[in-house]
Number of protein chains: 2
Amino acid sequence: MTIKSDQDNSPCKDNCPCMDCCPLGSALSQIGGKWKIPILCALFQDGTTRFNELKRKIRGITNTMLVSSLKELEEEGLIFREQFMEMPVRVEYSVTDNCRDLMPILKQLAYWGAQVHTIK
Amino acid sequence: MTIKSDQDNSPCKDNCPCMDCCPLGSALSQIGGKWKIPILCALFQDGTTRFNELKRKIRGITNTMLVSSLKELEEEGLIFREQFMEMPVRVEYSVTDNCRDLMPILKQLAYWGAQVHTIK
DNA sequence: CGGGATCCCGAGCGATACTG
DNA sequence: CAGTATCGCTCGGGATCCCG
C-alpha cells in the first residue's frame with residue numbers, strides 16, 4: 001500500500017500527479033461513462049431489477065449501452081448478475097457489497113456538487 | 001434542496017436514476033476528462049504553480065489540453081489564476097477552498113479504488 | 001426476453017506550428 | 001513565458017436490425 005496516512009490530505013499516491021496506476025483514476029474509470037451512475041443508482045434504490053425493467057427506468061439509454069455498461073460493472077465487481085434458465089429467459093441485476101461501500105462516498109460527492117457556488 | 005437526509009443512503013436526488021441536473025453528475029463532470037485530476041493533485045500537493053512548471057510535472061500533457069483544462073477548472077471554481085504583468089508574463093495557479101473541500105472526498109474514493117478486490 | 005452485430009457520427013484528445 | 005490556431009484521429013456512444 002503506497003497511500004499515505006490520514007495526516008496527508010492528498011487523494012493520490014506518493015508519486016502524484018496521479019498518472020498510470022492511480023487508485024483514484026481507477027475508481028473514477030469504474031464509474032465513468034455516460035450511464036454507469038444512473039444504472040448504479042437505479043439498482044441501489046430499487047434493489048434487484050430485470051434487464052428491460054432497467055431499460056425502462058433509465059430514460060434514453062440504448063440497448064447497446066445498457067448491455068455494455070452492465071457487463072463492465074459486473075467485471076468490476078460493482079453489480080451482480082443472475083440468470084434464470086426459464087422460458088423466456090429472466091436475468092436479474094443487483095448491487096454488490098463493494099458497490100454499497102461506494103455509495104456513501106458518491107453521496108458526499110453529490111453534496112459537494114450541490115453546494116458549489118452557494119457557500120461563496 | 002432536493003437531497004434527502006443522512007438516513008437516505010442514495011447518492012442522488014429524489015428522482016433518481018440521476019439524469020439531467022443530478023448534483024453527482026455535475027460533480028463528476030467537473031473533475032472528468034483525462035487531465036483534471038492530475039492537475040488538481042499537482043496544485044494541491046505543491047501549492048501555487050506556474051504554467052510551464054505544471055506542464056513539466058504532468059507528464060504527457062499537451063499545451064492545448066493544459067490550457068483548456070485549466071480554463072474549465074477556473075470557471076468551475078476549483079482553481080485560482082493570477083496573472084502578473086511582468087515581462088515575460090508570469091501566471092500562477094492554485095487551488096481554491098472549494099477544491100480543498102473536495103480533496104478529502106477524492107481521497108476516500110482513492111482508498112475505495114485501492115481496496116477493490118482485496119477484501120473479498 | 002435479453003441480448004448481438006453493424007454502421008455511423010462527433011466530442012475529446014493529440015501533434016505541430018505560431019504569437020504577444 | 002504562457003498561451004493560440006489548425007488539423008487529424010480515435011473511440012465512446014447512438015441508431016437500427018437481427019437472434020436464440
Side-chain angles (χ1 to χ4, degrees), chain A residues 17-20 22 25-26 28-40 42-43 46-76 78-94, chain B residues 17-20 22 25-26 28-40 42-43 46-76 78-94:
Chain A
C18 45
M19 305 304 291
D20 305 326
C22 167
S26 101
L28 285 172
S29 78
Q30 287 184 57
I31 58 174
K34 187 172 181 180
W35 298 106
K36 287 187 181 177
I37 292 291
I39 290 173
L40 291 183
L43 287 178
D46 303 342
T48 301
T49 311
R50 298 180 61 168
F51 182 88
N52 278 325
E53 212 176 336
L54 265 179
K55 194 176 165 190
R56 256 173 269 121
K57 286 178 181 171
I58 303 170
R59 311 269 304 185
I61 195 171
T62 61
N63 230 318
T64 319
M65 287 314 297
L66 183 53
V67 171
S68 69
S69 301
L70 287 171
K71 190 171 297 178
E72 286 183 31
L73 288 171
E74 190 196 1
E75 288 169 356
E76 294 154 2
L78 285 170
I79 67 173
F80 180 64
R81 187 192 117 112
E82 192 171 15
Q83 179 166 352
F84 300 88
M85 284 313 188
E86 310 169 345
M87 228 15 197
V89 188
R90 174 166 55 112
V91 178
E92 293 185 346
Y93 294 92
S94 53
Chain B
C18 45
M19 304 306 289
D20 304 326
C22 167
S26 102
L28 285 173
S29 78
Q30 287 184 58
I31 58 174
K34 189 172 179 179
W35 298 106
K36 287 188 180 177
I37 292 291
I39 291 173
L40 291 182
L43 288 178
D46 303 343
T48 301
T49 311
R50 299 180 60 169
F51 183 86
N52 278 325
E53 212 177 335
L54 264 179
K55 194 176 164 188
R56 258 173 268 122
K57 285 177 182 171
I58 303 171
R59 313 267 305 184
I61 194 169
T62 62
N63 232 319
T64 319
M65 287 314 297
L66 182 52
V67 171
S68 71
S69 300
L70 286 171
K71 191 170 296 179
E72 286 183 29
L73 288 171
E74 190 196 0
E75 289 169 355
E76 294 154 2
L78 285 171
I79 67 173
F80 180 65
R81 187 194 117 111
E82 192 170 13
Q83 180 167 351
F84 300 88
M85 282 313 188
E86 309 169 349
M87 219 29 190
V89 188
R90 175 165 55 110
V91 178
E92 293 185 346
Y93 293 91
S94 53

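All values reported here derive from a predicted model rather than from experimental measurement. Proteins get letters first, then strands, A, B, ... in listed order; numbering begins at 1 in each.
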- [ ] Could you pick out which residue, V67(B) or N52(B), lies toward the 5' side of DNA chain D when each is mapped onto its nearest nucleotide?
- [x] N52(B)
TODO: Kindly calculate the angle separating the two end axes of the helix from dC1(C)-dG20(D) to dG20(C)-dC1(D), each obtained from five base pairs, and round it to 10 degrees.
DONE: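 End axes: 50° apart.
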Open item on the list: Across nucleotides 9-16 of chain C, 5' to 3', mark each nucleotide with B, S or - according to how protein heavy atoms within less than 4.0 Å reach it.
Closed with: ----SSBB
Open item on the list: Tell me the interatomic distance from R81(A), atom CZ, to dC1(C), atom P, rounded to whole angstroms.
Closed with: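 Checked: the CZ to P distance equals 16 Å.
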Open item on the list: What is the distance, to the nearest angstrom, from the CG atom on L70(A) to the C1' atom on dG3(C)?
Closed with: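 Whole-Å distance recorded here is 11 Å.
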Under 3.5 Å, sequence neighbours excluded: what are the donor-acceptor pairs made by side chains of residues 63-71 of chain B?
| unit_1 | atom_1 | unit_2 | atom_2 | d |
| --- | --- | --- | --- | --- |
| S68(B) | OG | T64(B) | O | 3.3 |
| S68(B) | OG | M65(B) | O | 3.3 |
| S69(B) | OG | M65(B) | O | 2.7 |

Task: Partners meeting side chain to side chain donor-acceptor pair (under 3.5 Å) with K36(A) (sequence neighbours left out) - done: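 Side chain to side chain donor-acceptor pair (under 3.5 Å) list for K36(A), sorted by chain: E72(A), E76(A).
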- [ ] Could you tell me from which nucleotide to which nucleotide of DNA chain D, 5' to 3', there is an atom under 4.0 Å from chain A heavy atoms?
- [x]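 First-to-last contact on DNA chain D, by the 4.0 Å heavy-atom rule, is dG13(D) to dT16(D).
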With sequence neighbours left out, write down each residue that passes side-chain contact (heavy atoms from CB on, under 4.5 Å) with [X], or none if nothing qualifies.
X: R81(A); answer: E74(A), Q83(A), V91(A), Y93(A)
X: S94(B); answer: T48(B), F80(B)
X: T49(B); answer: L43(B), D46(B), E53(B), L54(B), K57(B)
X: R90(B); answer: R50(B), F84(B), E86(B), E92(B)

Open item on the list: Under 4.0 Å, heavy atom to any atom of DNA chain C: which of residues 82-92 of chain B qualify?
Closed with: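 Residues of residues 82-92 of chain B that come under 4.0 Å of DNA chain C do not exist, since none gets that close.
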TODO: Report the distance from atom CD of Q30(B) to atom CG of L40(B), rounding to the nearest 0.5 Å.
DONE: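 So the CD of Q30(B) and the CG of L40(B) are separated by 10.0 Å.
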TODO: Heavy atoms only: give me the nearest I37(A)-I31(A) pair and the separation to one decimal.
DONE: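 What the structure gives for the nearest pair is CG1-O, 3.8 Å.
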